[in-house]
Every structure is written in structure tokens, then in C-alpha cells.
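Everything below concerns the one structure shown next.
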Amino acid sequence: MNFCYLIFFFITGVVFGSFYNVVGFRLPRGESIWNPKYSYCPNCKNRLGFFELFPVFSFLFQRGRCKHCRGKISFFYPFTEILTGSLFAVSYYSFGFSWNLLIALSLVSLFSIVIVSDLNYLMIPDEVTLVVALVSSFAILFRDGFSLFLQALGSGVLLFAVMYGIMLLGDFLFRRESLGGADIKLMFVAGLVLEPLLGVVVIFVSSVVALPVSILLYVVNKEKVIPFGPFIVFAILLLFFLKVDVVRLLDLFFYGNLTGLF
């Protein structure tokens, strides 16, 4: 039965991943995700037919090209669909049917959309971050009760304030924008779903992962502006899935004890 559920969540994630592509590509361009209601080719604007709407398979059958204009279809479409489906399945495997599953699915959704929007447009729609924060808040409230929910909310506000201060300092030192406002809002989500101390770990992990990628993009494409949002959400997801415990994390830091860290 668990295997059936894994398949169900994977297929569901693939379908949602197709929708997240629409969100990630349309919102940064100021377009509505509901109007037009149908999907269309971004090159020729032709409405996609029924057999062009199957996630992943349509891309493979059409060999990555629109059947109307033969223009190339972005690889982000099947990539986001497969990634979302895989992470939906991992979410169920990690948390089962629980409030943590709802939080995990909302974080996966955020990750999928941020990858599309931030990598293509260097922008993370505020609407997406807001919806994920609201869904996570709802789950935390019912999971932990009102008192612990207020603590989680305070943790989010604290991390938001810390990152905002870092941004102001960076802007002053470098005389230009050092952090995007959307990245700071993501840290509110980090504080909401993780313990406050883990916010520091999020910054560390995201920076460590982003550094080699940034160097590679600079060497290959001379990219000077690197989207940081996907790395932040990746770090949040990683810590949430690993269920890192702050007490044992401190034990590791001060005493080098790896036993029972996760």
C-alpha cells in the first residue's frame, strides 16, 4: 500500500509541477495564471492541444519542440515536473499522512516555482511566498497548538529582521543591492518551519551550495548576478527533511558528537 501511495504522490507531484511551470513563467511577467485558462506555446502563442498537455510525455514525444512553430520547449518544463513529482513522493515517504507532510509539500511547491522564476527572471513572486507561509502556518497551528505557533511566528519574524539587517549592511558596504527582498522573505519561511538557530544553518548551507555553482556560471557564461533564492529554499527543504535537532546540533558543534544528530 505504501508503494501505491508513493506512486500516487509522484504522479500528483508531476501534475502540480506542470502547473508550477505556469506560475513560475507567468507571474514574473505580470501575467495571470488563470487568464488565459488554457496553456499556450510561449513562442507562437498557439493554444496547446489535449495531447500536448501531458506532463513529461508531451515533451518527449514532441522531442522538445512545439508542433506548431517547431520552436524549442524550455527544458524547465519536464525538469520541474519530474523534480516536483520526486519530492512529493519523498515528502510522503518521510512524513506519512501528517501535518508535516502538508508543510513539506508546500516547501516543495515553493522550491519548484522558485527554480523556474528566479533562474529565468531573477524574481520570486511574493504571492507564492505568502501562500506557502499561510499553508505552513495553518499546519503548524494544528500540529503544535496556538502557543507554539506564536513561537514559530516569532522565529520567522526574527530571521526576517536579521536578514534585513544583513541586507542593509551589505548595501552600505558594497554600495549596491546585496540581497534581494524576496530572499529575505524566504528567511521568514525558514524561521517559521524550522527552529531559529537553524536559520543560521540555512544561510551557511545555501551559501556553501551556491558558491561552486556561482563560480561555474561565471566561468562558463560570465554570469555576474546569481539567483540565491533556489539555494535558500533547498537548504530549508534539506534541514526539514533531515529533521535536524538543534540540541544535538549544538552537541555536535561543542563536543563533536555525531550520535543521534538526525
Side-chain angles (χ1 to χ4, degrees), residues 5-62 64-68 71-93 95 101-139 182 185-186 189 193 227 229-230 232-234 236-237 240:
Y5 281 134
L6 287 174
I7 296 298
F8 170 77
F9 274 95
F10 175 77
I11 294 174
T12 303
V14 169
V15 174
F16 270 91
S18 180
F19 173 68
Y20 295 153
N21 273 315
V22 174
V23 176
F25 277 110
R26 286 193 185 183
L27 284 185
R29 296 198 299 249
E31 299 178 6
S32 170
I33 60 175
W34 311 112
N35 188 27
K37 296 180 181 179
Y38 57 83
S39 296
Y40 58 86
C41 172
N43 298 311
C44 63
K45 308 301 180 184
N46 270 301
R47 180 173 181 171
L48 300 184
F50 177 76
F51 291 105
E52 296 175 272
L53 297 175
F54 284 91
V56 182
F57 290 106
S58 296
F59 181 88
L60 295 176
F61 292 150
Q62 295 170 205
R65 291 186 177 275
C66 171
K67 76 173 188 177
H68 303 282
K72 286 187 178 181
I73 301 173
S74 174
F75 179 71
F76 273 96
Y77 288 101
F79 173 77
T80 305
E81 292 161 358
I82 294 173
L83 176 67
T84 308
S86 301
L87 290 178
F88 265 43
V90 171
S91 298
Y92 169 73
Y93 180 81
F95 301 106
L101 173 61
L102 182 58
I103 297 173
L105 294 179
S106 65
L107 291 176
V108 169
S109 302
L110 177 64
F111 185 47
S112 300
I113 296 172
V114 165
I115 285 178
V116 176
S117 63
D118 210 14
L119 290 182
N120 285 282
Y121 304 104
L122 294 176
M123 179 183 176
I124 302 173
D126 289 338
E127 302 94 320
V128 176
T129 307
L130 176 61
V131 169
V132 170
L134 289 175
V135 172
S136 299
S137 296
F138 174 84
K185 294 165 189 170
L186 290 178
V189 175
V193 301
I232 294 177
V233 186
F234 170 78
I236 298 172
L237 261 180
F240 190 77

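Sequential numbering from 1 along the given sequence is applied to the chain's residues. No hydrogens, no waters, no symmetry mates; every other heavy atom, side chains included, goes into these values.
Atom CG of L87 and atom CZ of F16 lie 14.5 Å apart (nearest 0.5 Å). In this structure, F111 CZ and I232 CD1 are separated by 12.0 Å, a value rounded to the nearest 0.5 Å. Expressed to the nearest 0.5 Å, how far OH of Y5 lies from CD1 of I7 amounts to 14.0 Å. Separating the OG1 atom in T84 from the CZ atom in F10 is a distance of 10.0 Å, to the nearest 0.5 Å. Between the CG atom of L27 and the CD1 atom of I33 there is a distance of 5.5 Å, given to the nearest 0.5 Å. Expressed to the nearest 0.5 Å, how far CD1 of I103 lies from OG of S91 amounts to 11.0 Å.
Tested against Y77 for a side-chain contact (heavy atoms from CB on, under 4.5 Å), the candidates I82, N21, V22 yield a single pass: N21.
Closest approach of V132 and S106 over heavy atoms only: CG2-O, 3.6 Å. In terms of heavy-atom proximity, P230 sits nearest to D118 at CD-OD2, 3.2 Å. Closest non-hydrogen pair, M123 versus S117, comes out as O-OG, 2.9 Å. For the pair E81 and V56, the tightest heavy-atom approach, listed with the atom from each and the gap, is OE1-N, 2.7 Å. The nearest pair of heavy atoms linking G13 to F88 is CA-CD2, 3.5 Å. When all heavy atoms are compared, the tightest approach of P227 to L119 is CG-CD2, 3.3 Å.
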- Task: Could you walk me through whether V116 and S112 pass side-chain contact (heavy atoms from CB on, under 4.5 Å), step by step?
- Result: CA-CA 7 Å; V116 176; S112 300; over 6 Å; no
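Between F76 and F79, the ring planes lie perpendicular to each other; the angle is over 60°, past the 30° to 60° tilted range.
Centroid-to-centroid, the aromatic rings of F9 and Y93 stay 6.0 Å apart or farther.
Using a 4.5 Å heavy-atom cutoff, the side chains of L110 and L237 are not in contact. You'll find the side chain of I115 stays beyond 4.5 Å of the side chain of V233, heavy atoms only.
For F138, the ring-ring contact (aromatic ring centres under 6.0 Å, His included) partners at least two apart in sequence or on another chain are W99, F142. Applying the side-chain contact (heavy atoms from CB on, under 4.5 Å) criterion to S137, with sequence neighbours excluded, gives F149, L192.
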